[in-house]
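Here the structure comes first, spelled out in structure tokens, and everything after it is commentary.
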Amino acid sequence: MARIGDRLSIERARRIALTAQGFTDPLPSGPVTRRHLQRVLARTRFLQMDSVSIAVRAHYMPLFSRLGPYDRDLLDRAAGESTARAPRLLAEYWAHEAALIPVQDWPLFGWRMADYRFGRYGSAVDEPAERTALRAEIATAIDDLGPSTGGELEEYLGRRREGPRRGTWWDRSEVKHVCEVMLAAGELSAIRRGGFNRHYDLAANIVGPEIAATVIDRDVAIRTLVGKAIGALGVATETDLRDYYRLPVADARSAVADLVDSGDLVSVEVEGWDRPAFVDPGATVPRRVERSALLAPFDPLVFFRPRLLRLFDTHYRIEIYVPEHKRVHGYYVFPYLLDETIAARVDLKAERADGVLAVLGAFAEEGVDRAHVATALAADLRSMATWLGLDGVRVGHRGDLAPGLRAALRSAG
């Protein structure tokens with residue numbers, strides 16, 4: 001490992017970032033275990049969630065990207081029911097976005113829960129008495145029923161809405177809305193069950209009464225979160241650090257200044273970056289990184305697009321909300337990491353009726369060896385298909401990498 005110094009080439013910055021995210025950790029030699037899951041969480045700090053399931057839900061993918069094929073039930077159990085032998089590791093709360101966070105980190109978000117007392121979009125004024133009463137009713141109902149969906153709570157409270165609905169997102173009932181407010185306020189958390197539905201439970205039941213009751217001073221908590229962010233990023237600007245947990249600007253800047261003063265952040269210049277950067281004083285710089293990985297759009301290596309551009313010279317935008325005829329690369333596109341570069345991107349869909357992982361589009365990044373990329377990508381796509389319980393990979397015709405990828409899959413049998 002090389003010494004960091006106060007100036008970094010972009011190549012060394014990439015190696016630091018990849019190491020911090022776990023891409024130089026050894027791959028498991030046997031089945032992936034709870035210990036491997038904990039190792040990844042020590043790197044990424046949380047797993048971002050998203051409702052899109054066209055290929056695989058986002059929170060499952062970072063473990064596959066860093067560990068290879070694993071039993072997804074391992075993650076479900078870690079965020080599901082707690083047992084004496086295997087206490088719950090993860091709870092749902094708002095980190096970068098909706099995420100599974102380590103249970104022990106719950107008190108670090110107490111300041112956010114206070115800010116969200118009336119919901120993520122609520123104003124800091126007293127809420128109507130009817131809503132305060134409904135919060136109490138919901139808490140009592142959950143205490144009676146155990147983990148419950150919004151619909152189950154509506155039924156129990158006699159508040160089922162009549163008539164047709166347009167969908168759970170655009171036509172939320174008052175019960176569902178207040179459950180979301182209570183989740184943001186830290187009164188509830190949730191367990192995801194069948195169909196990715198939130199089953200709300202009292203936070204104390206999920207993280208434990210002692211952790212739920214722990215209060216950490218706002219400044220201390222935000223300083224701790226910035227410290228966790230630099231550990232996960234390795235090298236970062238102040239904006240990168242702030243974005244990792246979506247921290248308030250003033251609080252984050254104050255925390256960064258404090259951590260620099262204490263030596264827990266070290267100022268550094270990075271080649272090509274137009275703003276100051278900071279490095280984790282415990283970061284290591286390997287001589288090379290040799291790893292390939294398909295990355296979900298919400299993987300922490302790529303979810304902050306300005307950093308992805310600065311670090312890998314990759315301009316990436318998710319195009320879910322772009323009209324189909326205006327999309328450049330596709331609906332749900334996975335960047336492809338090959339050693340120290342983002343070498344390609346692939347638009348993926350798990351076509352379960354046909355038993356295939358469909359590559360709707362495959363695009364090489366500028367300047368890469370397409371044959372080499374296609375060979376490596378073909379192997380990783382076959383691995384992903386097997387992990388998802390699919391029989392094979394089918395490549396469409398969109399994208400300049402598609403012909404080479406089809407050839408690589410044919411030659412591999």
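Index from 1, following the sequence.
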Flag the pair Leu295 / Met61 as yes when at least one side-chain heavy-atom distance between them is below 4.5 Å, and no otherwise.
-> no
For Tyr332 and Asp50, test the side chains for any donor-to-acceptor distance below 3.5 angstrom and give the result as yes or no.
-> no
Is Arg198 salt-bridged to Glu180, cutoff N-O under 4.0 Å?
-> yes
Work out which heavy atom in Ala55 is nearest to a heavy atom in Leu388; give both atom names and the distance.
-> O-CD1, 3.8 Å
Under the salt bridge (Lys or Arg N to Asp or Glu O under 4.0 Å) rule, what do Asp347 and Arg327 come out as? Steps first, then yes or no, please.
-> CA-CA 11 Å; Asp347 184 17; Arg327 291 177 192 147; over 6 Å; no
If we ignore angles and hydrogens, is there a donor and acceptor under 3.5 Å between the side chains of His372 and Thr375?
-> no
Does Val256 reach the side chain of Leu265, with side-chain heavy atoms less than 4.5 Å apart?
-> yes
Does Asp400 use its side chain to pair, donor to acceptor, with the backbone of Ala364 at less than 3.5 Å?
-> yes
Take the angle between the ring planes of Phe46 and Tyr244 and call it parallel below 30°, perpendicular above 60°, tilted in between.
-> tilted
Determine, for Arg275 against Glu269, whether the closest basic-nitrogen to carboxylate-oxygen distance falls under 4.0 angstrom.
-> no
Single hit among Val395, Leu294, Leu360 for side chain to side chain contact (heavy atoms under 4.5 Å, CB included) with Val346 | Leu294
Is any NZ, NE, NH1 or NH2 atom of the basic residue among Glu340 and Arg288 found under 4.0 Å from an Asp or Glu carboxylate oxygen of the other?
-> no
Would a 4.5 Å heavy-atom cut-off, applied to side chains only, mark Phe64 and Pro69 as touching?
-> yes
Determine whether the side chains of Asn197 and Thr149 contain a donor N or O and an acceptor N or O closer than 3.5 Å.
-> no
State whether the side chain of Glu351 and the backbone N or O of Leu357 hold a donor-acceptor pair below 3.5 Å, judged by distance alone.
-> no
Going by heavy atoms in the side chains, are Phe312 and Leu18 under 4.5 Å from each other?
-> yes
Given side chain to side chain donor-acceptor pair (under 3.5 Å), test Asp240 with Thr237 step by step and report yes or no.
-> CA-CA 5 Å; Asp240 299 336; Thr237 66; 3.1 Å; yes
Do Arg242 and Asp251 sit within salt-bridge range, that is, some charged N less than 4.0 Å from a carboxylate O?
-> no
Between CG of Asp354 and NZ of Lys349, what distance do you get to the nearest 0.5 Å?
-> 9.5 Å
Please name the pair of heavy atoms, one in Gly234 and one in Ala283, separated by the smallest distance, quoted to 0.1 Å.
-> O-CB, 4.4 Å
Find out whether the Lys NZ or Arg CZ of Arg72 is both under 6.0 angstrom from the six-membered ring centre of Trp387 and within 45° of the ring's axis.
-> yes
Determine yes or no for a side-chain-to-main-chain donor-acceptor pair under 3.5 angstrom, with Ser411 supplying the side chain and Ala408 the backbone.
-> yes
Does Arg120 make a cation-pi contact with Trp94, if we ask for NZ or CZ under 6.0 Å from the ring centre and within 45° of the axis?
-> yes
Verify the distance criterion only: is there a donor paired with an acceptor across the side chains of Arg193 and His199 at less than 3.5 Å?
-> no
May I ask you to decide if Val373's main-chain N or O and Tyr336's side chain share a donor-acceptor pair within less than 3.5 Å?
-> no
Under the 6.0 Å and 45° cation-pi test, does Arg57 pair with Phe196?
-> yes
Between Arg135 and Glu127, does at least one N-O distance fall below 4.0 Å, as a salt bridge requires?
-> yes
Steps toward salt bridge (Lys or Arg N to Asp or Glu O under 4.0 Å) verdict (Glu92, Arg192) | CA-CA 9 Å; Glu92 182 172 345; Arg192 298 282 184 161; 2.8 Å; yes
Derivation of the salt bridge (Lys or Arg N to Asp or Glu O under 4.0 Å) call for Arg117 and Glu187 = CA-CA 9 Å; Arg117 173 69 179 82; Glu187 296 164 29; 3.8 Å; yes
Heavy-atom side-chain contact between Tyr316 and Arg345 under 4.5 Å = yes
Count the heavy atoms belonging to other residues, nucleotides or ligands that lie under 6.0 Å from CG of Asp313, then report whether that count exceeds 12.
-> no
Between Glu238 and Ala277, is there a donor-acceptor pair closer than 3.5 Å when you use the side chain of the first and the backbone of the second?
-> no
Flag, side chain of Arg307 to backbone of Leu233, donor-acceptor distance under 3.5 Å = yes
Partner of Val32 by side chain to side chain contact (heavy atoms under 4.5 Å, CB included), out of Leu27, Leu63, Leu67, Leu75 = Leu67
Glu271/Arg7 salt bridge by N-O under 4.0 Å criterion = no
Here the pair of heavy atoms bringing Val103 nearest to Leu90 is CG2-N, 3.6 Å
Heavy-atom nearest pair, Ala293 first then Phe23, reads CB-CE2, 3.9 Å
Work out which heavy atom in Arg398 is nearest to a heavy atom in Gly330; give both atom names and the distance.
-> NH2-N, 3.9 Å
Mind checking side-chain hydrogen bond (donor to acceptor under 3.5 Å, both in side chains) for Arg223 and listing every partner two or more places apart, or none if nothing turns up?
-> Asp258
Indicate yes or no: does Arg159 engage Glu137 in a salt bridge with an N to O separation below 4.0 Å.
-> yes
Quick check: does any side chain N or O of Tyr93 sit under 3.5 Å from a backbone N or O of Ala184, one acting as donor and the other as acceptor?
-> yes
Paired with Arg66, the side chain to side chain donor-acceptor pair (under 3.5 Å) test is passed by just one of Asp299, Thr44, Asp25, namely Asp299
Which pair of heavy atoms, one from Ala203 and one from Gly186, lies closest together, and at what distance?
-> CB-O, 3.3 Å
Output yes when Arg218 and Asp115 qualify as a salt bridge under the 4.0 Å nitrogen-oxygen rule, no when they do not.
-> yes
Report yes or no: does Arg14 contribute a side-chain atom to a donor-acceptor pair with the main-chain N or O of Leu311 at less than 3.5 Å?
-> yes
Does some side-chain heavy atom of Phe278 sit less than 4.5 Å from a side-chain heavy atom of Ser267?
-> yes
Backbone N or O of Lys228 within a donor-acceptor pair of the Arg45 side chain at under 3.5 Å?
-> yes
Test item: Thr19 and Val285 side chains (from C-beta on) under 4.5 Å apart, heavy atoms = no
Is there side-chain contact between Leu348 and Leu381, with heavy atoms separated by less than 4.5 Å?
-> yes
